[in-house]
Amino acid sequence: MLALSATRRHAVFRMAMEFIVTFLLLSGLSLLMAGREARAGVMTRDAMARAFPSPYLLGERDPALPVWPVFKQNATSNDLVGYAFESIDFVAIPGFAGVPVNMLVLLGPSGEFVDVRVISHHEPVFLDGLGEAPLHRFAAQYRGLSLRQNIAIDAAPRNRAGNDAGNVHIDGVAKATASVRIINQSVIAAALKVARARLGFSGGSDPDRIARVRQNYLERLRPEELQAAGLLSRLQLDNAAVERAFAGSEAEGIDQEAVSQPSSSFIDLAVTPLSVPSAAQSLLTPRDQERLKGRLEPGDHALLVSWRGRYGIVSDSFVPGTVSDRLVLSQGGLPMEMRDLNFDLKPPADSPLQGRQFKIFRVIAQSGLDPALPMQFAFKVQRFKGQIYPEKFTRDFSFSLALPARFVVKPEPDNKGWLPIWKQRWMEIALAVAALALLFAALLRWRGLVADGRRFGRIRTGFLGFTLVFIGWFAQGQLSIVNLTGLVQALHEKRDLSYLMYDPMSIVLWGGVLVSLFIWGRGTFCGWLCPFGAMQEFVAKAARLLRVPQWRVGRRTDQALRGLKYIALAGILACAWWSPAWTDRLVELEPFKTAITLNFVRAWPYVLYAAGLLALNALVYKAFCRYLCPFGAGLAVLGRVRLWNWLPRRKECGTPCQTCRHRCDYGAIRKDGAIRYDECFQCMDCVVIHQSDDLCAPLLLEKKRRVIPVRAA
C-alpha cells in the first residue's frame with residue numbers, strides 16, 4: 001500500500017476526531033428522553049447524624065418522603081426542631097456544569113430555615129476560582145429566614161435595616177450572580193415541597209404566580225350589602241335537609257330533634273374574606289382592623305366564619321389555634337389549611353355578628369390560595385351510632401365563594417426564577433443584541449467594511465475592545481467548553497435545560513453564534529466575539545509594536561498541532577458523560593475563567609498558566625486558539641453547517657498568487673488558495689487584500705496593464 005501524505009493523514013485524522021465529537025453530541029440529544037434519572041441524595045443516616053450532632057436527636061427517615069425529623073431534648077420531652085433533607089431529592093436544577101448543586105436544609109416547623117449548607121457542587125466559578133468560601137457564606141445567610149418571606153438576592157451588599165417581615169435581602173456573590181440564583185431557586189423550591197407535605201403549606205399554585213387581593217381598593221358597603229357585592233357566601237340548612245342527606249344509612253332517624261322539628265334551622269353559616277378591605281371595614285371596628293393586619297403576613301388570607309343554629313363549625317373537642325374539624329377549604333381539588341387565628345373579636349353593637357358565633361381563620365400566603373379563583377368549602381355533619389365504640393357517619397354540604405374581579409389584581413411576575421435576571425440586565429442585553437446586529441450587518445456588507453484597510457483596522461480594534469471590556473469583563477459573557485459539558489451532563493441526567501436561562505448574556509451570545517454558524521462559520525465567534533481571543537489579539541499587537549520576534553511554526557508541525565484541540569474536545573465531552581468530577585479538572589485547559597471571569601485574581605498556578613498562554617501568543621500568534629482550544633474545536637465541528645463559502649476568491653488565488661496565504665497568521669489558507677473555514681478566524685485581512693488594487697497581486701497587475709498603455713501614448 002502507498003503511504004499517505006502528511007496532508008492526507010491530517011485530513012483523515014481530523015475527520016475521525018470530528019466524527020467522534022459529533023457522535024458524542026448527537027448521543028446526548030438522543031438520550032434526552034432515555035437518560036438515567038437525576039441523582040438522588042447521598043446522605044446516609046450516619047452522615048446526617050454527624051451533620052446534626054448533640055444536642056440534636058435524629059429521627060427515622062420518613063418512608064414516604066426523603067426527610068429526616070430532627071429533635072432537641074427539652075427536659076423529659078423531645079421537641080421537633082425541623083425536617084432535614086437534601087435539595088437534590090426534590091429539585092434538580094442543573095448548574096453551569098450541568099450538575100445540580102446539592103444543599104442540606106433543616107426546615108423548622110413554621111417554615112423557617114434553621115440551617116442551610118452545601119453538600120456538593122460543580123459550579124466552575126467556585127472550583128479553584130473564587131473558592132468555596134463565598135458559596136458557604138452565601139448559604140449561611142438563609143439561617144433565620146422563613147419561607148413566609150420573599151427572599152431576594154442583591155448583587156451588592158445592602159443595609160439589612162431595609163428588611164421587613166415579608167421581604168428580606170441577602171447578598172449575592174460577585175462573578176457568580178447566575179450560580180447563586182440557581183442555588184436560591186433550588187433551596188426555595190425544595191423547601192416549599194417539604195413545607196407543603198409536612199407543614200401545612202398547600203400543594204396548590206406557586207404563591208408567586210397567583211392573583212392578589214387589591215389592598216388599595218375600597219367600596220363603602222353596609223353589612224347587608226356584602227352578599228350582593230360577592231363578599232359573603234352563605235350555607236343555610238334546616239333539619240329536614242340534613243335528615244335527607246342521611247336517608248338510607250344506619251344514621252337515618254337517630255337525630256330525634258331533626259325528625260321532630262324538620263323545619264327548624266340546623267345551621268346558618270356565612271363566610272366573609274376579611275383580607276378584602278371592603279369586607280373588613282363593613283364588619284370590624286377600626287381598632288380590630290389594625291389588630292388583624294398585625295396578625296397577618298403579606299399575602300395571608302383571613303376568613304371570618306360566623307354561624308347560628310344547633311350545630312357549629314367546630315366540635316366540643318376543638319382546640320383554639322388549630323384547624324376546624326367540620327369546615328374544610330379547597331381550591332382546584334386541593335385541600336388548603338384554615339387555621340384558627342384565635343382572634344378576640346369585639347364587633348360593634350349594630351353589627352350583624354351580634355347573636356352569632358364566629359371565628360377568624362387564616363390561610364397562609366404559601367398555601368397558594370388564589371383569590372381570583374372560586375374557593376370551595378365543605379361543611380361536614382357527623383352522626384355517631386353506638387355507645388362504647390360508636391360508628392361515625394359523615395355527610396358533606398358544599399358551597400363556594402368567588403370574589404369579583406374588581407377586588408383582585410393579576411399575578412405578579414415570578415421573582416424567584418430566571419425572569420427577574422433578564423429584567424434586571426435588560427440594558428446589557430439590549431447593548432449586546434445591538435452589537436451583534438451591528439456586527440452581522442457589517443459582515444453582510446463586507447465590501448463596504450473592507451473598502452478602506454486603515455478604517456477597517458480601527459473598526460476591528462474597537463469592536464475587539466468592546467468584546468473584551470463589555471462582553472468579557474463587565475457582562476461576564478465568555479462562552480466556553482463549560483457550556484457544552486453542562487449541556488451534555490444535563491442531557492445525560494435527563495434534567496431540565498431551563499438553567500441556561502439564568503445567564504442571559506450567554507443565551508444572547510449563543511443565539512448570535514448559532515446564527516453565524518449557518519452564515520459565516522465558526523470564525524465569527526472566535527475572531528470577533530471571544531473575549532479571551534480579543535485579549536490575545538491585543539497582546540499580539542503589543543508584541544509586534546515592541547518588535548518581539550515572531551515564531552512561524554513549520555507546516556507539518558502546524559498540521560499535527562491543530563489536531564490537539566479535537567483530542568481535547570473529545571476527551572472533555574467523553575468525561576462529561578461519565579465523570580463530572582474529572583470534567584471539572586479538564587475544563588481548566590481553558591484559561592477563560594482565570595483571565596476573563598476572575599480577572600487573574602486566583603491561585604498562582606492558574607494565573608501562571610493563563611499568563612504563559614498569553615506570553616506564548618506574543619511569540620506564536622493565537623497558539624491557544626489554533627492548537628488547544630476545545631471550545632473552538634467544537635465550533636469548528638458545528639461550523640460545518642455553514643451554507644456557503646462567503647469569503648471572496650479569484651482564480652489566481654493560489655495559482656500563482658500566494659500573497660494571502662503568506663499574510664494569514666492563522667495558516668487558514670491552503671496552497672491552492674482555498675480557505676479552511678474550520679481554521680479561519682475571520683480577521684478578514686485576506687479580504688482587505690483581495691479588494692485592494694494596491695495589495696492584491698492580480699488587481700495590481702491589472703492596474704499596471706491599464707496604466708502602461710496610457711504612458712506609452
Side-chain angles (χ1 to χ4, degrees), residues 41 43 45 48-49 51-87 89-91 103-117 139-151 163 165-168 170 184 186-204 206-207 294-302 318-325 328-329 334-343 360-369:
M43 296 289 283
R45 178 178 177 78
M48 195 67 77
F52 300 104
S54 179
Y56 293 119
L57 299 173
L58 186 67
E60 295 299 323
R61 189 173 189 265
D62 193 313
L65 195 73
V67 297
W68 306 77
V70 177
F71 303 93
K72 191 173 184 180
Q73 191 167 14
N74 181 13
T76 59
S77 64
N78 292 330
D79 295 338
L80 178 66
V81 175
Y83 295 97
F85 58 91
E86 298 176 63
S87 63
D89 280 329
F90 297 91
V91 178
M103 307 292 289
L104 177 62
V105 181
L106 179 58
L107 190 66
S110 299
E112 72 277 11
F113 291 103
V114 179
D115 198 3
V116 176
R117 309 178 199 172
Q141 296 179 91
Y142 286 93
R143 296 168 189 163
L145 304 183
S146 172
L147 281 175
R148 302 176 190 274
Q149 298 169 308
N150 180 38
I151 300 175
N163 294 338
N167 298 276
V168 292
I170 61 177
N184 180 64
S186 300
V187 170
I188 297 298
L192 276 173
K193 289 187 176 183
V194 173
R196 288 168 176 167
R198 288 291 176 271
L199 305 181
F201 288 46
S202 170
D206 184 340
R295 296 287 299 276
L296 300 177
E297 300 288 349
D300 286 357
H301 298 272
F318 174 76
V319 177
T322 62
V323 178
S324 169
D325 52 357
V328 177
L329 167 66
L334 295 171
M336 297 187 175
E337 184 179 83
M338 288 195 322
R339 187 169 291 272
D340 175 31
L341 200 55
N342 199 17
F343 190 85
I360 297 178
F361 292 89
R362 182 177 72 171
V363 182
I364 61 176
Q366 288 78 8
S367 69
L369 179 66

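Since the structure is predicted, the reported quantities are computational estimates derived from the model, not experimental observations. The figures here come from the full heavy-atom set of this structure, side chains too, leaving out hydrogens, waters and symmetry mates.
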Report the residue from V114, V67, I188, V116 that forms a side-chain contact (heavy atoms from CB on, under 4.5 Å) with V105.
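Among V114, V67, I188, V116, the one that satisfies the side-chain contact (heavy atoms from CB on, under 4.5 Å) with V105 is V116.
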Between H301, R339, M338, which is the residue that forms a side-chain contact (heavy atoms from CB on, under 4.5 Å) with F361?
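Between F361 and the candidates, side-chain contact (heavy atoms from CB on, under 4.5 Å) is satisfied uniquely by M338.
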Which atoms form the tightest heavy-atom contact between [X] and [Y], and what is the distance?
| X | Y | value |
| --- | --- | --- |
| L80 | P109 | O-CG, 3.6 Å |
| S87 | S186 | CB-O, 4.3 Å |
| V363 | L329 | CG2-CD2, 3.8 Å |
| A84 | L106 | N-CD1, 3.7 Å |

[atom1] of [X] to [atom2] of [Y]: how many Å apart, nearest 0.5 Å?
| X | Y | atom1 | atom2 | value |
| --- | --- | --- | --- | --- |
| L58 | R45 | CG | CZ | 4.5 Å |
| E86 | W68 | CD | CH2 | 9.0 Å |
| L104 | F85 | CG | CZ | 8.5 Å |

Are the side chain of R295 and the backbone of L341 linked by a donor-acceptor contact shorter than 3.5 Å?
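Judged by distance alone, yes, a pair lies under 3.5 Å.
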For R117 and A140, indicate whether the former's side chain and the latter's backbone hold a donor-acceptor pair under 3.5 Å.
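Judged by distance alone, no pair lies under 3.5 Å.
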Any side-chain heavy atom of [X] sitting closer than 4.5 Å to one from [Y]?
| X | Y | value |
| --- | --- | --- |
| Y83 | D62 | no |
| L65 | F90 | yes |
| R362 | L296 | yes |
| L107 | F113 | yes |

Salt bridge (Lys or Arg N to Asp or Glu O under 4.0 Å) partners for R143, two or more places apart
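Listed in chain order: D115.
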